[in-house]
Amino acid sequence: MKIGACLGIALLAFSSCRKNLPEERLSIANDSKYTQTIFKPVLGRNTLFNNIFQYGNSSKPLDFKIVNMRTFDGSPAPELTETYPVTVWKGIYNGTEKSIEEIEAKRTIENHPLFEIRPHSGDFIMWAAANSNMIKAQPDSGYVFDVEMSNSGGRRYFQNLRVMPLRERPYEPSNLDPITGQGTSISVNPTSIFMMGERGQPLNTRDDVQVLFKKTGKGNSLTFKFIDSLSNPIDPNLFDETDWANLVHGFNMKKDDKMVRYDVAYPIPLSSYPTRYTIPSGDQAQVVFRFSRMAFGNVFQKNFMTFNFKIFEKADWELTFWFKRDKPKFDND
């Protein structure tokens with residue numbers, strides 16, 4: 001037989017053998033695991049639990065799904081298996097939007113389970129639409145569920161994971177107890193302050209200034225007020241170096257001698273993307289109120305008060321800064 005013919009027969013045989021070889025199967029490894037098995041999301045806000053799964057030697061891609069969601073006593077939990085409308089981003093928020101309408105055009109409504117798993121990462125998210133009127137919250141024992149992980153190599157189950165939601169805290173920093181939802185104090189404190197009081201002593205955040213959150217309606221506004229120890233209004237215009245136009249990502253600012261109000265989109269901040277309205281990480285909104293004065297010795301004093309915060313619930317909110325012991329000294333010495 002000629003050499004060429006032999007080679008042809010060999011190649012044909014090799015090709016036939018390759019067709020009969022089994023497809024390469026992905027692996028499911030025993031060292032894959034969740035590094036967190038109890039989840040305590042705060043209701044009323046989007047809470048993402050990510051980077052909680054170690055793939056080990058399992059082959060990607062992997063598929064994940066929640067199975068057997070139930071209450072702690074084993075009863076069905078349709079509130080966490082049925083779908084509900086939730087707000088999701090369909091565009092990229094970057095803080096340059098010029099109106100609430102432009103912001104809302106980047107969001108849409110989709111139907112999701114209120115607690116769901118990311119199908120290819122194993123991450124979990126509790127959506128902000130979940131509230132304690134429908135979801136069991138602590139001190140209740142909450143829910144138990146299992147996760148199925150699979151690929152073409154098989155499947156594996158992670159059993160008896162727990163989700164134990166905490167009650168709503170519609171703003172941060174919060175004076176509300178995460179278990180009872182009741183207030184532990186009437187207010188919170190500013191983040192930092194550098195101001196002199198009229199009585200000649202420096203003001204401090206713990207003893208001299210408190211911040212009160214108050215919900216006044218069901219709209220979408222944010223109002224800032226300042227009051228003295230007798231609850232008399234302090235004119236916002238006295239904080240005359242404040243960048244009022246860019247204090248928050250708000251619109252249609254209205255300012256008088258008692259308050260400053262903005263139309264805003266909620267939550268605040270809208271995302272964790274850093275903007276001119278947030279701290280550098282983007283995790284909290286930041287407002288800074290400023291004025292300058294000449295102190296004793298002809299010292300030029302730049303005064304400020306900062307407050308880092310979040311608001312999760314859409315409403316008409318008032319933030320009142322109460323100078324409860326002494327009001328700021330705005331005049332020169």
Side-chain angles (χ1 to χ4, degrees), residues 25-93 106-138 140-169 178 267 270-273 283 312:
R25 294 177 65 85
L26 302 177
S27 65
I28 293 288
N30 290 329
D31 61 351
S32 298
K33 64 179 181 179
Y34 275 98
T35 59
Q36 180 178 347
T37 58
I38 299 177
F39 305 93
K40 299 179 180 181
V42 180
L43 297 174
R45 61 182 76 173
N46 290 337
T47 305
L48 176 65
F49 300 94
N50 60 351
N51 300 319
I52 56 173
F53 188 78
Q54 290 183 353
Y55 292 90
N57 292 312
S58 292
S59 303
K60 300 179 184 179
L62 289 167
D63 296 315
F64 295 85
K65 66 179 180 180
I66 291 175
V67 295
N68 195 23
M69 176 65 76
R70 62 226 186 250
T71 64
F72 187 72
D73 64 7
S75 303
E79 63 270 30
L80 289 184
T81 57
E82 297 177 358
T83 60
Y84 297 85
V86 302
T87 301
V88 300
W89 289 99
K90 63 178 182 179
I92 298 175
Y93 169 77
K106 295 184 175 184
R107 302 197 281 193
T108 189
I109 302 296
E110 296 179 357
N111 290 320
H112 290 259
L114 294 179
F115 184 76
E116 69 175 341
I117 194 168
R118 296 284 172 85
H120 301 298
S121 68
D123 297 343
F124 299 103
I125 184 169
M126 177 69 88
W127 292 98
N131 62 71
S132 56
N133 292 326
M134 57 195 304
I135 303 297
K136 295 180 182 296
Q138 295 187 44
D140 191 278
S141 298
Y143 303 88
V144 184
F145 63 98
D146 307 323
V147 171
E148 179 188 282
M149 178 186 76
S150 64
N151 59 24
S152 64
R155 64 191 68 244
R156 184 181 172 198
Y157 291 91
F158 303 93
Q159 296 181 315
N160 299 324
L161 282 72
R162 301 278 302 277
V163 56
M164 302 172 64
L166 297 165
R167 295 186 182 276
E168 295 90 339
R169 297 198 301 273
L270 281 158
S271 76
S272 58
Y273 183 83
D283 185 57
F312 301 97

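Owing to the predicted nature of the structure, the values given are computational and were not obtained by experimental measurement. Only this structure's heavy atoms are used, side chains among them; waters, hydrogens and symmetry mates stay out.
Contact between Leu26 and Ser59 at its shortest, heavy atoms only, is CB-CB, 3.6 Å. Here the closest heavy-atom approach between residue Arg167 and residue Ala137 is recorded as CG-CB, 3.9 Å. Across every non-hydrogen atom of Ser32 and Gly56, the tightest pair is OG-N, 4.2 Å. The two atoms that bring Ala129 and Met134 nearest to each other are O-SD, 4.0 Å, heavy atoms only. Residues Met126 and Leu43 approach most closely at CE-CD2, 4.3 Å, considering heavy atoms.
Qualifying salt bridge (Lys or Arg N to Asp or Glu O under 4.0 Å) partners for Arg162, counting only residues two or more places apart in sequence or in other chains: none.
Rounding to the nearest 0.5 Å places CG of Asp31 at 6.5 Å from OG of Ser58. Rounding to the nearest 0.5 Å places OG1 of Thr108 at 12.0 Å from CH2 of Trp89. In this structure, Lys90 NZ and Lys106 NZ are separated by 11.5 Å, a value rounded to the nearest 0.5 Å. In this structure, CD on Glu168 lies 12.0 Å from CZ on Phe312, to the nearest 0.5 angstrom. Within the model, atoms CG of Leu80 and CD of Glu116 stand 11.5 Å from one another, a figure rounded to the nearest 0.5 Å. The CD1 atom of Ile135 lies 13.5 Å from the CG atom of Leu166; values are rounded to the nearest 0.5 Å.
In this structure, the side chains of Tyr273 and Ile92 stay at 4.5 Å or more apart for every pair of heavy atoms. Using a 4.5 Å heavy-atom threshold, the side chains of Val144 and Asn68 count as separate. For the pair Phe124/Val147, a side-chain contact is recorded, criterion being any heavy-atom separation below 4.5 Å from C-beta on. Within the 4.5 Å cutoff, the side chain of Tyr143 has heavy atoms near those of the Glu79 side chain. Phe64 is not listed as a side-chain neighbour of Ser121, based on a closest heavy-atom distance of 4.5 Å or more. Side-chain contact between Val163 and Pro41 is present, with at least one heavy-atom pair separated by less than 4.5 Å.
Although no hydrogens or angles enter the test, the distance criterion places no donor-acceptor pair under 3.5 Å between the side chain of His112 and the main chain of Tyr84. The backbone N or O of Arg107 lies less than 3.5 Å from no partner atom in the side chain of Tyr93, so there is not a single donor-acceptor pair. In this structure a side-chain-to-backbone donor-acceptor pair under 3.5 Å is present from Arg156 to Asn30. Looking only at distances, a side-chain donor or acceptor of Asn151 sits under 3.5 Å from a matching main-chain atom of Ser27. Using a distance-only test at 3.5 Å, with no hydrogens or angles considered, no donor-acceptor pair links the side chain of Ser272 to the main chain of Asp283.
Judged as a side-chain hydrogen bond (donor to acceptor under 3.5 Å, both in side chains), the pairs with a partner in residues 36-56 (not counting sequence neighbours) are, in order, Arg45-Glu172. Sorted by first then second residue, the salt bridge (Lys or Arg N to Asp or Glu O under 4.0 Å) pairs that include residues 54-78, not counting sequence neighbours, are Lys65-Glu148, Arg70-Asp146.
Tested against Ile117, the residues Ile66, Val67, Asp123, Ile125 include a single side-chain contact (heavy atoms from CB on, under 4.5 Å) partner, Ile66.
Taking the six-membered ring for Trp and thresholds of 30 and 60 degrees, Phe115 and Phe39 have ring planes inclined between 30 and 60 degrees apart.
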